[in-house]
Amino acid sequence: MTVREATRRTEVRSGVVRWFDDSARDLPWRAPDRTPWGVLVSEIMLQQTPVVRVEPAWRAWLEQWPTPADLAQAPTADVLRAWGRLGYPRRALRLQECAKAIVERHDGVVPRTDAQLRALPGIGEYTAAAVLAFAYGKRSVVVDTNVRRVLARVVAGTALPAPSYTAAERALATALTPDGDAEAARWAAASMELGALVCTAKAPKCGACPVAGLCAWRSAGSPPDAHAGRRRTQAWAGTDRQARGRVMAELRRATEPVDRALLARLWHDPRQLDRAIAGLVEDGLAEQDDANRLHLPN
DNA sequence: AATGCGGGGGC
DNA sequence: GCCCCAGCATT
């Protein structure tokens with residue numbers, strides 16, 4: 001790396017962090033009274049669910065289950081109902097399993113090493129890094145969809161990152177992460193926030209960007225996305241996932257086990273509905289009683 | 001490397 | 001309608 005490149009990286013980091021000092025959102029999982037558990041819960045909820053939808057659910061969740069031990073003891077049906085419409089309800093199951101593992105393996109304390117965090121259900125590379133940085137202020141390389149986009153633009157000069165996360169991106173993010181714990185944690189939060197508020201996927205607000213003058217994508221004339229058109233968005237209408245969602249919504253609403261005849265009214269294709277229900281049972285999101293009625297697990 | 005997995009909002 | 005959102009687990 002040349003001296004010029006090193007200087008530029010320093011300028012990018014300091015610019016983004018200074019911007020963050022003024023522009024950071026006032027999110028509850030960043031408040032001084034937050035707990036590592038609260039941070040972990042926020043990260044699980046934020047896996048593919050936008051901040052605005054997570055915030056009220058997070059507040060209610062932490063009020064009801066303020067510690068891992070509280071969630072570990074809760075009826076799973078209550079957990080799934082509290083998850084509500086956040087989407088991907090398997091995350092709620094994993095979060096409760098995670099709480100149980102924290103109680104059993106770590107005395108109820110959210111672990112503070114990458115290996116221990118990664119060993120917990122529902123926690124992958126991103127979430128482990130995020131908990132280390134945001135709950136414990138430790139250096140870790142935090143790369144979410146926001147950071148990927150910021151680095152793609154500012155450093156790589158492309159409109160958007162490739163569809164899947166590459167080793168090259170990880171290496172770049174690692175090289176850009178400051179050495180010190182506090183500095184690295186600050187950079188992680190700041191780079192994510194820039195992606196969420198300014199360096200957005202559509203219509204980025206380059207006029208408000210602290211590093212617009214350093215941005216490789218801007219310097220290249222803001223070329224369009226090379227992968228445009230090949231980013232097949234997942235189908236929704238008519239899919240098994242939609243059918244599963246319908247069933248789960250009904251099971252959350254119901255106070256008694258639900259007869260399959262009633263569920264049949266939720267979906268036009270009986271075979272697909274059966275498949276969806278079988279999948280939910282397989283995933284542990286629903287259970288069948290002796291009378292073949294469906295209910296949330298207890 | 002590619003899939004399956006929810007749901008809602010912005011444009 | 002299309003695209004995106006603080007991803008993970010499985011194959």
Side-chain angles (χ1 to χ4, degrees), chain A residues 20 24-25 27-30 38-58 80 83-95 97-98 117-135 140-151 159-167 169 173 185 187-197 199-204 225 227-252 275-276 278-280 282-285:
Chain A
F20 183 68
R25 287 169 292 182
L27 299 171
W29 45 87
R30 289 178 180 160
V39 172
L40 195 160
V41 171
S42 79
E43 294 300 341
I44 301 294
M45 289 184 170
L46 288 163
Q47 290 168 0
Q48 299 287 278
T49 303
V51 167
V52 289
R53 291 175 52 203
V54 164
E55 192 167 342
W58 183 90
L80 289 170
W83 193 259
R85 311 180 71 82
L86 289 179
Y88 296 144
R90 293 191 296 194
R91 289 183 292 164
L93 290 184
R94 262 74 181 258
L95 182 52
E97 293 167 15
C98 187
L117 286 164
R118 287 291 299 268
L120 296 172
I123 297 192
E125 178 175 351
Y126 162 76
T127 304
V131 170
L132 287 177
F134 305 144
S140 62
V141 180
V142 183
V143 186
D144 74 332
T145 188
N146 292 303
V147 175
R148 289 190 67 208
R149 189 173 52 250
V150 168
L151 298 190
L160 293 172
S164 55
Y165 186 44
T166 66
E169 285 180 272
W187 161 249
S191 55
M192 286 173 64
E193 193 79 338
L194 187 72
L197 298 184
C199 195
T200 49
K202 283 181 288 191
D225 174 26
H227 304 87
R230 292 180 76 278
R231 297 177 189 277
R232 237 167 297 166
T233 171
Q234 292 169 316
W236 172 241
T239 61
D240 287 12
R241 285 200 302 169
Q242 188 183 28
R244 287 168 57 108
R246 291 261 180 94
V247 173
M248 284 300 292
E250 181 60 27
L251 296 185
R252 284 195 305 265
R275 197 164 65 234
L280 291 172
E282 179 78 15
D283 289 347
L285 288 164

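Proteins get letters first, then strands, A, B, ... in listed order; numbering begins at 1 in each.
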Report yes if a donor N or O on one partner sits less than 3.5 Å from an acceptor N or O on the other, where the partners are the side chain of R53(A) and the base of dG7(B); otherwise report no.
yes

Interatomic distance, L151(A) CG vs dA6(C) P [rounded to whole Å]
15 Å

If you only use heavy atoms from C-beta on, which nucleotide in dA6(C), dA9(C), dC4(C) is closest to the side chain of R94(A)?
dA9(C)

Pairwise P distance, dC8(C) and dG8(B) [rounded to whole Å]
23 Å

By the 4.0 Å heavy-atom rule, please label E125(A) as base, sugar-phosphate, or nothing.
sugar-phosphate

Nearest-angstrom distance from the residue atom CG of L285(A) to P of dG7(B):
10 Å

Could you give me the CA-CA distance, side-chain angles and deciding distance for Y126(A) and E43(A), then say whether side-chain hydrogen bond (donor to acceptor under 3.5 Å, both in side chains) is met?
CA-CA 9 Å; Y126(A) 162 76; E43(A) 294 300 341; 2.7 Å; yes

Heavy-atom closest pair, residues W29(A) and V39(A):
O-CG2, 4.0 Å

State whether the side chain of R91(A) and the backbone N or O of M45(A) hold a donor-acceptor pair below 3.5 Å, judged by distance alone.
yes

Under 4.0 Å between any heavy atoms, over every strand shown, what does V51(A) touch: base, sugar-phosphate, or nothing? Just pick one.
base

Can you find a donor-acceptor N/O pair under 3.5 angstrom joining the side chain of T49(A) to the base of dG7(B)?
no

Using the C1' atom as the point on both nucleotides, what is the distance between dC5(C) and dG6(B), in whole Å?
12 Å

Would you call E55(A)-R25(A) a salt bridge at under 4.0 Å N-O?
no

Rounded distance (Å) that lies between atom P of dA9(C) and atom CZ of R118(A)
8 Å

Atom CG of D225(A) to atom P of dC2(C): distance rounded to whole Å?
17 Å

NA contact type, I44(A), heavy-atom cut-off 4.0 Å: base, sugar-phosphate, or nothing?
nothing

If we take the P atom in both dT3(B) and dA6(C), what is their distance in whole Å?
24 Å

Checking contacts here: which listed nucleotide (dG6(B), dG7(C), dA6(C)) is nearest the side-chain heavy atoms of D144(A)?
dA6(C)

Rounded to whole Å, please give me the gap between CG in L46(A) and P in dC4(C).
19 Å

Using modelled atom types only, decide if a donor and an acceptor are shared between the side chain of T200(A) and the backbone of K202(A) within a distance under 3.5 Å.
yes

How close or far is atom C1' of dC5(C) from atom CH2 of W58(A), stated in whole angstroms?
20 Å

Closest listed nucleotide, where the reference is the side chain of R90(A) and the choices are dC3(C), dC5(B), dG6(B):
dC5(B)

Tell me which nucleotide, if any, is Watson-Crick or G-U wobble paired with dG6(B) when both distances must be under 3.5 Å.
none

With respect to the side chain of M192(A), which nucleotide from dA6(C), dC4(C), dG7(B) is positioned closest?
dA6(C)

What's the closest nucleotide to the R85(A) side chain, out of dA6(C), dA9(C), dG7(B)?
dG7(B)

